[in-house]
Student: 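The structure that follows is given in the form of structure tokens.
Just so it is clear, the values below take in all heavy atoms, side chains as well, and ignore hydrogens, waters and symmetry mates.
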Amino acid sequence: MVVAGADVGTECVKAIVAGDDGKVLGRATVPTRGYFQACIEEALSNALQEAQVPATKLKSLFVTGFGASCAPPPAQSVVETACHARGAFQLLNRPMTLVDIGGRDPKVIHVDERGAVISAKSVRKCAVGIGTFLMFASRHLDVHPTRLMDLATTAEKPARVGSYCSVFAEVEVIELLRRGATPGEIALGCMYSVADRIMEMDRLESPVLVTGGVCEYFPGVVKALAERSGLPVEVVPEPIMAGALGAALFALDAARS
Amino acid sequence: MPSQPRGAQAELESTARLKDLMTAHFTGVDRAARQRTAPVAWCTSVGPVELLRALGYEVFFPENHGALLGASRVANETMAKAHAIGYSPDICSYLTSDIGSYLLEKTPLARYGMTRAPRADLLLYSTNQCREVRDWFEFYGREWGVPVVGVTSFRDLGEVEEHHVDAIVRQLEALVPQLESVAGRRLEAAHLEEAVARSRTCSDLWRECLRSSAARPAALTFFDATIHMAPAVILRGTAEACDYYRLLSAELSARVRSRAGGIPRERFRLYWDGMPVWGRLRDLARLFEQLETSIVASTYCNSWVFDALDPKDPLRSMARASLELFIARSEGPKQAYLERMIREFAVDGVLFHDALTCPNNSNTRFGLPQRLRRATGVPVLIIDGDLNDLRCFSDEQARTNIEGFVEQLEGAATVAAAPGSA
């Protein structure tokens, strides 16, 4: 039996194909572009190809994330917090404070010893888009997003980027450049800014685990979060895929029942 | 342009005395809290502190601590801790700064050897400013298991009527037994009268200091006044506060006599309504100085002027003083007050600060600036910001707006000076 899960985010669509033991057989990530449905199909097709399984063999498909409702039937949608908790718990099997940092709205999710979500809190409306903000910042700093982290490592101290709002923070980046801050200091400051927004959301209690694409591409955020919280912060294996993995596990439950 | 004396102002000599007073105050309250040498109470900044003075309490004012957290910018770090335990970023940033400071054990009071604000035996609030003060104190009441008592006041009052005063007096009277019980002594009428008399003297002297800026050039800018007002807030009801303002008043009178201003050159005079932006006090002071514009008066600094206080009728006058506060009034009396201040201080414009987390001190939200402009012809400017939360303040936006406003004043002055203009 083969099942699949997809996590449809604002920056990327992630898909996982899993076997009946929950083992990952294939995975794929495609950038989110205008038509969610086409992106979902592309990601799923790529994951099936990696698993070397034809689409006709799929018993169940669960979809989560910002664009989950765009997946056509028979795909079923499942909530994001549950998927991230499920995916992280499958990998680590312990209670945790899970911080999911995606492109749109980061979440702090408290997970108990059974893997159940005790509480989940999203960032407030006026601070959404903080992961996407790093992409915008890259544009102003004239580097490809994948190079932002390298740029940040050139700085000894971060510039202060303090706005809640991603749009205002982007304006702050321009102001900082005008005042003579180096691109490296600003890049590092942007990572601290993301960590600061997360610190305001909810209590972080050890162990703190992080999922989501931001920590995969911008590990400076994880370092900043550890520094700001004074707690060790670990990244789950393949953090960008955690939500899709959770969705695939829910699909497996459904296929078995 | 009229000629005026130039040259940067030397710092007021009172400033050194102010530093000594602050040190004595904080170390005194801290010692009392740690060594149990006197009962310690927290009191809201315009709360009924005279009752506490009369009963021998050492008094700590958390709003003052909030301002210190803002001015030192430690607030930027501490607020997040309070947000994370459920206090919204939209509520009073003094509250969130202070509670976060307690949780993180991070405070500018460290310079006085303190790791936290002092532990209280009792917390006394008045909601004449806002409801947040009560919620703020209740956090500590739960934390320390101590009584939280206070006055639930009226808000948005038009005229202050006798029945309003009666209601507050009854609440003040009802507080006394518990204040006595924690203090371990009875309230002596003579002690209360003395405390009220000292508060009134302090208020009169502070008003005199502020009035020195009615002179042209203004002797004391808003930015300096926010620093020198500290004794009026935290030492109200003490002889030390009165002594301090005698000293400051004499210095300011000397400035007026010598026509020395709070800034080297004063082209324009503005009024500030709303809270200071504590974390940008110095930057804004510098900006206005560069623009040769003096902020000569403010609602904020005048909030510790209590004309109603009368030692012959302590409780009733305390009740009236607490109700006559600008912040507790409706839009009509607020506008009348601002019109009077515009006349008395001969201001060219009014700057309203809309502080995101302090709606009660932001008088921009129900059309008051626009009505004031129509009624007086004086231009108004609104800047968005906050008392402590610098995430709500844009340096660039504020600077652009302020520079634009001063240009507007320059334009008006040019037109007024043109031949043939009325």
Student: Does the side-chain contact (heavy atoms from CB on, under 4.5 Å) test come out yes or no for A:R203 and B:K81, once each step is laid out?
Tutor: CA-CA 8 Å; A:R203 281 180 195 270; B:K81 198 72 183 170; over 6 Å; no
Student: Quick check on the interface: out of A:R228, A:E175, A:M201, A:M199, who has the most heavy-atom pairs with chain B under 4.5 Å?
Tutor: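 Most heavy-atom pairs under 4.5 Å with chain B: A:E175.
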Student: Is it the case that atom NZ in B:K106 sees more than 12 heavy atoms from other parts of the structure closer than 6.0 Å?
Tutor: no
Student: Report yes if some heavy atom in the side chain of B:D395 is under 4.5 Å from a heavy atom in the side chain of A:R179; otherwise report no.
Tutor: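 They are in contact (side-chain heavy atoms under 4.5 Å apart), so the answer is yes.
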Student: Heavy-atom cut-off 4.5 Å, strictly under: side chain, backbone, both or neither for B:S394 against chain A?
Tutor: side chain
Student: Has B:R142 got more than 12 heavy atoms of other residues, nucleotides or ligands less than 6.0 Å from its CZ?
Tutor: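 More than 12 heavy atoms, drawn from other residues, nucleotides or ligands, come within 6.0 Å of this atom.
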Student: Tell me, yes or no, whether the heavy-atom count around B:R34 atom CZ, taken from other residues, nucleotides or ligands under 6.0 Å, exceeds 12.
Tutor: yes
Student: As an exercise, state the distance from CG of A:D196 to NE2 of B:H83, rounded to the nearest 0.5 Å.
Tutor: 12.0 Å
Student: Just so I understand: if I count every heavy-atom pair under 4.5 Å between each of B:G86, B:S88, B:A84 and chain A, which residue has the most?
Tutor: B:A84
Student: Under 6.0 Å from the CZ atom of A:R147, do we count more than 12 heavy atoms belonging to anything else shown?
Tutor: no
Student: Within the 4.5 Å heavy-atom criterion, are A:V171 and B:E396 side-chain neighbours or not?
Tutor: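 A side-chain contact is absent here, since even the closest heavy-atom pair is not under 4.5 Å.
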Student: Is it true that atom CZ of B:R119 has more than 12 heavy atoms of other residues, nucleotides or ligands lying nearer than 6.0 Å?
Tutor: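 Counting neighbours around CZ of B:R119, more than 12 heavy atoms of other residues, nucleotides or ligands fall under 6.0 Å, so yes.
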Student: Are any non-hydrogen side-chain atoms of B:N76 and A:R160 less than 4.5 angstrom apart?
Tutor: yes
